[in-house]
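Scroll down for the structure; my scribbles are underneath it.
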Amino acid sequence: MRVLLTGAAGFIGSEIGAALAARGHDVIGLDLLLPAAHGAGAELPSGVVHADVGDAQTLAPLLAGVDVVCHQAAMVGAGVDAADAPAYGRHNDYATTVLLAQMFAAGVRRLVLASSMVVYGQGGFACPVHGSVDPLPRRRADLDAGMFEHRCPVGGEQVGWTLVGEDAPLRPRSLYAASKTAQEHYALAWSEATGASVVALRYHNVYGPGMPRDTPYSGVAAIFRSALEKGQAPRVFEDGGQMRDFVHVSDVAAANVAAVEAERDGFLAANVCSGRPIPIRQVAELVCRARGGPAPEVTGQYRSGDVRHIVASPAGAERTLGFRAEVSPEQGLAEFAFAPLRN
């Protein structure tokens with residue numbers, strides 16, 4: 001198939017492009033090289049077109065003869081401050097609406113969309129007394145006292161995390177999350193209006209070779225790596241018990257290949273995760289142990305608005321796309337300790 005891959009020069013996009021080419025697909029790559037993702041002065045890889053997804057005139061000829069669009073281009077990260085809001089709206093949401101309009105004009109009826117776990121907001125929770133609940137926001141007094149878990153809105157009991165399925169409500173809690181939720185909603189409306197097919201892949205914590213380092217948008221695994229390279233102990237917030245799912249970039253690429261090759265109708269959302277939840281403290285410990293560096297420092301400090309737990313079920317992606325991650329966090333994070341990063 002002929003695949004238009006946006007964000008083709010990025011950390012995830014470049015891995016997807018290689019995986020699609022290895023499967024024999026004809027890949028047309030484009031990238032705007034946003035400095036937040038690539039740094040100042042970055043150069044395009046060979047064969048990738050410098051283009052803005054939000055520029056209809058540039059985009060239109062690239063869609064000729066395309067069978068499916070794999071849309072990875074986005075401004076990433078939680079948002080450094082409120083001033084970032086227009087940039088998220090421009091690069092993530094407006095650009096996606098331009099892409100959808102141009103796909104319709106070109107007769108391209110299949111989209112694979114890079115979404116994110118952040119659309120869920122906080123994860124799933126269960127009370128030992130009252131069952132599944134939407135917990136109360138964490139109180140500053142509890143956080144100051146080192147009590148980091150959520151409490152039941154009915155009886156105040158401490159609640160535990162549960163896996164989130166794709167049918168969970170979308171409750172974005174950051175600028176980035178709001179923009180990814182809007183992308184999904186635009187794609188869903190486009191699918192229903194045109195009869196076209198959309199697979200929205202909700203990535204969890206992606207890591208691996210080529211991950212950017214030392215930016216406000218770097219993933220926590222890369223931040224831990226950078227601290228160790230400076231001879232410093234990685235700093236872990238709260239008590240380090242925050243549960244996340246770390247999925248290797250090669251598995252994310254495999255999920256995209258599965259979505260590109262799937263013959264599906266309508267709109268489908270699928271969690272892309274390892275299926276092996278891991279506490280943040282253990283992420284730091286695995287990287288420290290592999291590098292032989294200082295042990296992580298669990299600070300007890302917290303950041304207002306941080307999500308305590310967010311882990312998802314991999315069952316939907318396996319059932320609908322035949323995708324299941326192969327790289328365990330233990331294996332992948334140990335290898336990541338020495339993997340090349342991009343500056």
Side-chain angles (χ1 to χ4, degrees), residues 12 15-16 19 23 68 70-72 110-128 131-135 150 159-173 177 180-181 183-185 187-188 191 197-208 219 241-280 282-283 307-333:
I12 296 174
E15 189 84 9
I16 293 170
R23 292 281 294 179
V68 56
C70 189
H71 184 30
Q72 307 296 313
R110 295 188 56 214
L111 173 69
V112 177
L113 173 67
S115 186
S116 171
M117 65 171 186
V118 297
V119 299
Y120 296 124
Q122 63 187 15
F125 293 88
C127 172
S132 179
V133 294
D134 185 14
H150 284 285
V159 298
W161 58 269
T162 61
L163 297 178
V164 178
E166 288 85 353
D167 58 351
L170 307 188
R171 294 174 175 166
R173 297 180 56 178
K180 300 308 284 187
T181 303
Q183 276 187 312
E184 283 203 21
H185 286 165
L188 170 61
S191 172
S197 166
V198 175
V199 179
L201 299 175
R202 293 173 179 167
Y203 302 161
H204 284 248
N205 294 73
V206 186
Y207 71 99
Q242 309 93 304
M243 297 300 295
R244 297 290 188 273
D245 189 301
F246 281 74
V247 59
H248 197 272
V249 67
S250 63
D251 282 324
V252 173
N256 276 271
V257 171
V260 164
E261 295 180 348
E263 295 292 337
R264 297 197 58 87
D265 296 323
F267 181 91
L268 171 72
N271 291 322
V272 177
C273 56
S274 73
R276 303 171 177 91
I278 184 172
I280 292 292
Q282 188 179 351
V283 173
V307 173
R308 176 61 177 174
H309 306 299
I310 173 67
V311 289
S313 169
E318 184 171 20
R319 182 179 65 254
T320 57
L321 299 175
F323 165 75
R324 192 168 187 92
E326 295 184 355
V327 181
S328 71
E330 291 78 10
Q331 172 195 345
L333 287 165

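The residues of the chain are indexed from 1 along the displayed sequence.
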[Y] side chain reached by [X] side chain, heavy atoms, under 4.5 Å:
X: V272; Y: M117; result: no
X: V68; Y: L111; result: no
X: L170; Y: H185; result: yes
X: V307; Y: R244; result: yes
X: L201; Y: V112; result: yes
X: I310; Y: V164; result: yes
X: R202; Y: E184; result: yes
X: W161; Y: P277; result: yes

Spacing of [atom1] belonging to [X] relative to [atom2] belonging to [Y], to within rounding of 0.5 Å:
X: R264; Y: L321; atom1: CZ; atom2: CG; result: 6.5 Å
X: C70; Y: I12; atom1: SG; atom2: CD1; result: 10.5 Å
X: S328; Y: I278; atom1: OG; atom2: CD1; result: 9.0 Å
X: C127; Y: H150; atom1: SG; atom2: NE2; result: 13.5 Å
X: E318; Y: N271; atom1: CD; atom2: CG; result: 13.0 Å
X: F323; Y: C273; atom1: CZ; atom2: SG; result: 7.5 Å

Of the non-hydrogen atoms in [X] and [Y], which two are nearest, and what is the gap between them?
X: G208; Y: V249; answer: CA-CG1, 4.1 Å
X: A114; Y: Q72; answer: CB-OE1, 3.3 Å
X: A325; Y: S274; answer: CB-CA, 3.8 Å
X: K180; Y: S116; answer: CG-CB, 4.3 Å
X: V199; Y: A259; answer: CG1-CB, 3.9 Å
X: V133; Y: P135; answer: O-CD, 3.5 Å

Item checked: Chi angles and distances behind the side-chain contact (heavy atoms from CB on, under 4.5 Å) call for L188, V198 -> CA-CA 7 Å; L188 170 61; V198 175; over 6 Å; no

Backbone N or O of [Y] within a donor-acceptor pair of the [X] side chain at under 3.5 Å?
X: Q183; Y: L113; result: no
X: H204; Y: F246; result: no
X: R110; Y: A262; result: yes
X: S191; Y: A187; result: no

Margin query: With a 6.0 Å cut-off on the ring centroids, do Y207 and H248 count as close?
Written below: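 Here the rings of H248 and Y207 have centres that are less than 6.0 Å from each other.
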
Next item on the list: For atom CD of E326, decide whether the heavy atoms of other residues, nucleotides or ligands shown that lie under 6.0 angstrom number more than 12.
Entry: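 For E326, atom CD is not crowded (no more than 12 foreign heavy atoms under 6.0 Å).
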
Item checked: Evaluation steps, side-chain contact (heavy atoms from CB on, under 4.5 Å), between D134 and R171 -> CA-CA 11 Å; D134 185 14; R171 294 174 175 166; 2.9 Å; yes

Could you tell me whether the side chains of [X] and [Y] share a donor-acceptor contact shorter than 3.5 Å?
X: N256; Y: E15; value: no
X: D245; Y: Y203; value: no
X: R173; Y: Q122; value: yes

Check: Should the pair D251-R324 be classified as a salt bridge under the 4.0 Å nitrogen-to-oxygen rule?
Finding: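 So D251 does not pair with R324 through a salt bridge.
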
